[in-house]
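To start, the structure under review is shown below, and the notes come after it.
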Amino acid sequence: MLERVDPYGDLILTSEEIPQLLAELDYLTGLAETAGERDVLANMARLAAVCREDAALELHLVGD
């Protein structure tokens, strides 16, 4: 899922795609070297979990 992220484009993830995103974030958390990296991943995972629970929500990743 994270391979689809484009730093210059936008990506919209639906509640159906969130479980894969959460699995990838969990994997990356295990690789994170700093508390700051883990905090960013945890915050993103919390937001994604909210979207997973409500099919009407989407997670929008907005590029530069």
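No hydrogens, no waters, no symmetry mates; every other heavy atom, side chains included, goes into these values.
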- For residues 6-32, the salt bridge (Lys or Arg N to Asp or Glu O under 4.0 Å) pairs (sequence neighbours left out) are R4-E17
- Hydrophobic clusters join Ile, Leu, Val, Met, Phe, Trp and Tyr when side-chain heavy atoms are under 4.5 Å apart, directly or via other members; which others share one with L59? M1, L2, V5, L11, L13, I18, L21, L22, L25, Y27, L28, L31, L41, M44, L47, L61
- Task: Provide the closest heavy-atom pair for S15 versus A55 in the form atom of the first, atom of the second, distance.
- Result: OG-CA, 3.3 Å
- Query: Tell me the side-chain hydrogen bond (donor to acceptor under 3.5 Å, both in side chains) pairs involving residues 53-64, sequence neighbours left out?
  - Reply: E58-H60
- How would you list, by chain and number, every residue that makes a side-chain hydrogen bond (donor to acceptor under 3.5 Å, both in side chains) with N43, sequence neighbours excluded? R46
- Pairs touching residues 28-39 that satisfy side-chain hydrogen bond (donor to acceptor under 3.5 Å, both in side chains), sequence neighbours left out: none
